[in-house]
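Throughout, a chain's letter reflects where its sequence line sits, starting with A, and its residues are numbered from 1.
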Amino acid sequence: MTQVISQVSPQKPWRPKLKNLLPEVLGALFTAVSTLLIVAVTPLKGKLGFAIVLIIMSIVVSSLVSGIRRDKKAALNSTTTVLVYIASAFVIIPLFSILYEIFRLGIGGLSFGIFTKDMSLTSSDSPLTEGGLLHALIGTLYVVVLASILSTPVGILASLYIVEVKGRFAGLVRFFIQAMSGIPSIVAGLFIYAIWMINMGNSYNAVAGAGALAILMIPTVARTSEEVLKLIPPDLREAGLALGATQWRTVAMIIIPAAKSGLVTAVILGIARVAGETAPLLLTIGGADAINLNPFSGNSSAMPYYVWKNYSLGNPESISRAWLGVLVLMIVVFIFFSLARFFGRSKGVKK
Amino acid sequence: MSTATVPSKTPPVARVITTKPRFSDKVFRAVVTTGGLSSLVILAVIAFFLVYNGFGVFKSEGLSFFTGFEWVDAQPDAGTAASYGIGAMLYGTLLTGFLAVLFGVPIAVGAALFLSYYAPEWLKKPMVIVVDVMAAIPSIVYGLWGYFVFMPHAEYWAKLIHKYLGFIPFFDMPANAFSRSPFIAGLVLAIMIIPIVTSVSREVFAQTPLDRIQAAYALGATKWSMIKAVVFPYGAGGVVGGAMLGLGRALGETVAVYTVLNLVYDIRIEVLLSAGGNVASMIVNKFGEADAPELKALMAAGFVLFLVTLIVNFIANIIINRTARKG
């Protein structure tokens, strides 16, 4: 029984050795030094000049290094690798710039007071310590909750139709919902204005805004729910039917409870999508500076509207208010976004 | 069952096996089908009401609604009739949309390639979150950032382009006005469409058959040769479809364009000049003080925008679905 097992330590012959890494390190060093030199000597100046020279030099140097060490194909490979990295950098830079600027320009006005007051007694050019955005927060709450109430049944029914009933038009419905997610938000606003104000004779109110947002929310809810329902194992469905349950009972008692957290995620994702929509609200809620607790009558405000209005006013204080509004709006959106991720994750664990 | 059953001689009647749905199922299917078809109904109702309200303008303006450059109300005092034409705005919308695709799609495809084939494992998840977060930022935030933060930089770039490439008619400048140009609007839109193009491209790249990828590597391909020979032929349709989805978003974007584009009722090819057009922004711009006839014209403009974006989206989705099925 005694058998000597020689311990073999894993070898990694593919791991690059110092000798192989040297040209790359030297190349990177050369790129940095030459960029600095070129920027110092030639009239190219500033961050932009530096970035352009750095990009060009890194492409040239890395292609040259691999071209000399191997062949033309390797040189092309190095060029494209650098280009792909640069493209990713171009994706990241705007996002960080946006988040940084929102924080930098918005944090100054952040105080407890803005959550307790509205703008009804404050003029637009008074300092930020006066007035607040409670009216906009309440408006957004109304609009978003009403939009969810309007769009959730439609969205989830559409996904049930595609996944569970698999009716004759399932492909068509799926296709139209995809197309619906591309409707410009302004068109949704115009439509509600046409039907609700012009043809039905109502005036601006929060419900109209919610109607416009619901149109934009339906595709998000429907598509996410569809993905969720598709993840439910068919065994559950078959088990339900095998026990003699009707399709209605199977869906109501088995499928929906199993997919519950996923469906909640779908709705929250929909909310995150529409909470910041501005254009449809410009045409539907009318805007207000005071708190309006009745969503069914009277002008209302909302966070995006508040930002828009203060941006349009154009004086320094109101622009600071706009940035403050953006900061609060982004916090609201990210809360919903994280909630969606949280619910989405807990679903994964259960499964 | 506590009572003992008396053995009977007659065999029990066979249960009737039927596929006929019960009453509850009929109701269930009817409700779900109604909900499912409501998306079609909503689209139809949107189209109907926009046409219904804008029909008069289509009728009175005719083709000149699409080709006209003017947008003036009727002046009863001066005795002039109203004239509504969205030609310049339509051209401007297509121009900014084209610029957005031109700048945004290569970057988005590069980022999708990075995510699929270049990024180290630890970087993939944060990068996906970055793209998701970008998609979640409301358009008004892009608008404010574009106007206050991005525009000074972009103006400087525009000046450089004009200085060195000014001999090309597109970069010519009749006046010294670089701010709020189609170039800047195109760049902001490019940033806004990057998330959707990236995620669609990444999805189709992920469906590339692994055996082909490994076959390419086994034949000694470099990463780029592999991508060129395997990934692009498989994913080309998806990338085109994603680009068209992005185009659809760019054509319909309102608030972000409104803040960074100067609306001028004229068709100009100089992209760096502070004069552009955009149907969606025009609707917001004119909506505030519009009287009843002008509102009708705005409805008609909205219908045109709706139709254009819907067609672009239809084509994009057909291409994407076809690619996805093949993979």
Side-chain angles (χ1 to χ4, degrees), chain A residues 73-74 76-77 80-81 83-85 87-88 90-92 94-95 97-98 101-102 153-154 157-158 160-162 165 167 169 173 175-180 182-187 190-191 194-195 198 215 218 246-248 272 276-279 282-283 304 307-308 311 322 326 329-330 333 337, chain B residues 22 24-25 28-29 31-33 35-40 42-43 46 49-50 53 106-107 110-111 113-114 118 127 130-131 133-134 136-141 144-145 149 156 191 194 198 222-225 245 248-249 252 254-255 259 280 283-284 287 298-299 302 305-306 309-310 313-314 317:
Chain A
K73 281 220 163 81
L76 186 65
N77 186 42
T80 50
T81 306
L83 284 176
V84 163
Y85 273 82
S88 318
F90 278 168
V91 172
I92 297 170
L95 177 75
S97 168
I98 290 170
E101 296 291 341
I102 291 172
V154 177
L157 283 180
L160 281 177
Y161 181 73
I162 296 169
V165 174
F169 308 107
V173 168
F175 185 68
F176 270 85
I177 282 175
Q178 278 183 343
M180 213 176 152
I183 293 181
S185 54
I186 184 89
V187 169
L190 262 183
F191 161 66
I195 191 171
I198 296 182
I215 292 172
I218 287 171
T246 58
Q247 188 176 27
W248 146 245
E277 281 292 350
T278 317
L282 292 177
L283 310 190
V307 173
W308 171 264
Y311 160 75
V326 166
L329 177 63
M330 286 301 286
V333 169
F337 204 66
Chain B
R22 299 254 187 101
S24 63
D25 266 7
F28 169 71
R29 282 188 201 167
V31 169
V32 171
T33 308
L37 293 180
S38 60
S39 59
L40 273 69
I42 290 171
L43 281 176
I46 291 176
F49 270 93
L50 292 180
N53 284 292
I107 292 176
L113 283 178
F114 179 76
Y118 288 87
M127 187 78 186
V130 161
V131 175
V133 168
M134 266 181 95
I137 293 178
S139 57
I140 182 132
V141 179
L144 249 68
W145 175 80
V149 182
Y156 176 65
I191 295 168
I194 282 174
T198 305
T222 59
K223 200 169 254 178
W224 177 248
S225 323
L245 272 190
R249 294 286 150 86
T254 314
V255 176
T259 54
I283 294 172
V284 165
F287 182 80
L298 290 178
M299 293 292 165
L305 184 65
F306 174 71
T309 49
L310 205 62
N313 269 289
F314 272 156
N317 285 321

What part of [X] gets within 4.5 angstrom of chain A, counting heavy atoms only: side chain, backbone, both, or neither?
X: Ser24(B); value: both
X: Thr33(B); value: both
X: Val149(B); value: side chain
X: Ile42(B); value: side chain

Item checked: Whether Phe28(B) and Trp248(A) hold their rings parallel, tilted or perpendicular, with breakpoints at 30° and 60° -> tilted
Check: Can you name the closest pair of heavy atoms from Leu40(B) and Val173(A) and give their distance?
Finding: CD1-CA, 4.0 Å
Side chains of [X] and [Y], heavy atoms from C-beta outward: is any pair under 4.5 Å?
X: Met127(B); Y: Ile92(A); answer: yes
X: Ile140(B); Y: Leu329(A); answer: yes
X: Val133(B); Y: Phe337(A); answer: yes
X: Thr81(A); Y: Lys223(B); answer: no

Item checked: Audit row: Gln178(A), Asn313(B), side-chain contact (heavy atoms from CB on, under 4.5 Å) steps and yes/no -> CA-CA 8 Å; Gln178(A) 278 183 343; Asn313(B) 269 289; over 6 Å; no
Margin query: Looking at Thr246(A), is its backbone amide N or carbonyl O close enough to the side chain of Asp25(B) to form a donor-acceptor pair, meaning the two atoms are under 3.5 Å apart?
Written below: no
Margin query: How long is the straight-line distance from OG1 of Thr254(B) back to CD of Glu277(A), given to the nearest 0.5 Å?
Written below: 8.0 Å
